[in-house]
Number of protein chains: 2
Amino acid sequence: MAKATAAGLDEAQANGLAEMWEDGEDRLGPASARRLLVAAVDAFAARGYHGTSTRDIADRAGLSPAGVYVHFASKEDLFFRITLLGHERTLHNAVTAVQSVGEAGPARRLHAVIEAQTTWQARHHTTARVVEYDLPCLSPEHYEQVAAIRRKITALVRGILNEGVRAGVFDVPDVDGMTLALLSMVTDVARWYPSNGRQSPEQLGTLYADLALRMAAPHSSDS
Amino acid sequence: MAKATAAGLDEAQANGLAEMWEDGEDRLGPASARRLLVAAVDAFAARGYHGTSTRDIADRAGLSPAGVYVHFASKEDLFFRITLLGHERTLHNAVTAVQSVGEAGPARRLHAVIEAQTTWQARHHTTARVVEYDLPCLSPEHYEQVAAIRRKITALVRGILNEGVRAGVFDVPDVDGMTLALLSMVTDVARWYPSNGRQSPEQLGTLYADLALRMAAPHSSDS
DNA sequence: GTCTATAACCCGATAGAC
DNA sequence: GTCTATCGGGTTATAGAC
């Protein structure tokens, strides 16, 4: 395990950050670039895009201020790569979860996707915070690229709800509204997790998935 | 109606911002101070605390850069007053909603508080965004003052859930977990509202309150 | 690929005239 | 209470040596 060359990096690794940004295929480039990415995620999560200076990031990665610009065109470029990769992996996480239950019916599919996404947000809450809450700092072109991925995640959840309604196993008066509510619940985990002695990512995932089923299930007050 | 002296102020007023920061008792001080507050809420909501300069705020309020410091001790002080007042009014909104249904039982109380808070977040989404998402920018002392109000809101919701469980009208395996999930759903409205052609604050409030009842109600998969 | 040095600019906050 | 002018320092990004 690489020795941290600057304060803050060890915490980041202990945070599950290194795991998140491991890259077997070296698509992230040389070690310095990966160190910068990890440092940037940690700093952006703690203080936001505008609250983080490129010097902060370089320091945490053990480089001089100019070192950032060897690997990234600008601060926004660095932020964009984090945001794009984070969204790609979140989408992949959701799609994989749904596929893993096969043709199991809407209820199990809904449970799977909410559980997977909630667990993801909790486990990778540092990355998730960066990825969810500073999107307006992206350039318009970059923002649109990320928004396209977000729409795919929304469509995945909405599709499952529609399926369930069509099959008669869900009772959902407003599919778009419930989609938004479910994704809100999941997204917001990144804001507060972890909170004093609360549950593991997996426990939270199960809890939220159960709540999602309660929301969608036919219920007694129907007449 | 006061004529706007700088760009941005009219939008802020159209936004329901002026209404939010109206103050019959003049506790907010002279007109310039109120104009600064409204301008600051608008700017902080759009670009975050660190992304907003005191010059931006002064410009929007039609004052010189130094004008800010006549009415506020610092940028953080200005931010704190917004955050504190916003939280006080949100708490008041929640308490009033619960009181307004009298001794109506847990289900109607839960419905009332979720409906009121959701409607509030949507109607005052500009203020809510500032108040919900930049709390770490407060000084530790100021943060603690605001956190105390947040704990009261959490306790209000948790209390209603506990009441319902005790009375046997709710089935909630994890009261703390559901409290968090409900507040997440409500809080997150500030992040995305308004979204293309979606419902009015009141419609959203009713939808979310109904979803809350579905989550808490006894359900058929109990054995 | 990393450094030192620095350009060009913006920041929060204050001094002092009116 | 508002202004102009400015202090001291931090910002992103680049130039050029090694």
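Convention: sequence-line order gives letters A, B, ...; per-chain numbering from 1.
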Exercise. Only one of Asp56(B), Thr52(B), Thr126(B) forms a side-chain contact (heavy atoms from CB on, under 4.5 Å) with Asp42(B), so which one is it?
Worked result: Thr126(B)
For this session: Determine whether the side chains of His142(B) and Asp77(B) contain a donor N or O and an acceptor N or O closer than 3.5 Å.
Result: no
For this session: Take His50(B) and Asp134(B) through the side-chain hydrogen bond (donor to acceptor under 3.5 Å, both in side chains) test and state the conclusion after the steps.
Result: CA-CA 9 Å; His50(B) 289 300; Asp134(B) 269 331; over 6 Å; no
Problem set entry | Salt-bridge present (Arg191(B), Glu132(B); N to O < 4.0 Å) | no
Seminar exercise, completed: Closest non-hydrogen contact found for Thr187(A) with Tyr133(A) is O-OH, 3.7 Å
Exercise. So does Arg123(A) pair up with Glu202(A), basic N to acidic O under 4.0 Å?
Worked result: yes
Problem set entry | Nearest-Å distance for atom pair CG/P, residues Asp59(A) and dT4(C) | 11 Å
For this session: Could you summarise the pairing of DNA chain D as dot-bracket text, marking Watson-Crick and G-U pairs under 3.5 Å with ( ) or [ ] inside the strand and | across strands?
Result: ||||||||||||||||||
Exercise. Does a side-chain N-to-carboxylate-O contact under 4.0 Å join Arg150(A) and Glu144(A)?
Worked result: no
Problem set entry | Closest to the Ser64(B) side chain, choosing from dT4(C), dT4(D), dT2(D) | dT4(D)
Exercise. Any luck finding a side-chain donor-acceptor pair between Glu115(B) and Thr206(B) under 3.5 Å?
Worked result: yes
Exercise. Within this structure, what is the CG-to-C1' distance between Leu63(B) and dC3(D), rounded to whole angstrom?
Worked result: 10 Å
Seminar exercise, completed: Phe72(A) atom CZ is separated from dT12(D) atom P, nearest whole Å, by 15 Å
Seminar exercise, completed: Letter by letter from the 5' end, nucleotides 6-18 of chain C scores (B base, S sugar-phosphate only, - none; protein heavy atoms under 4.0 Å) B----BBBBB---
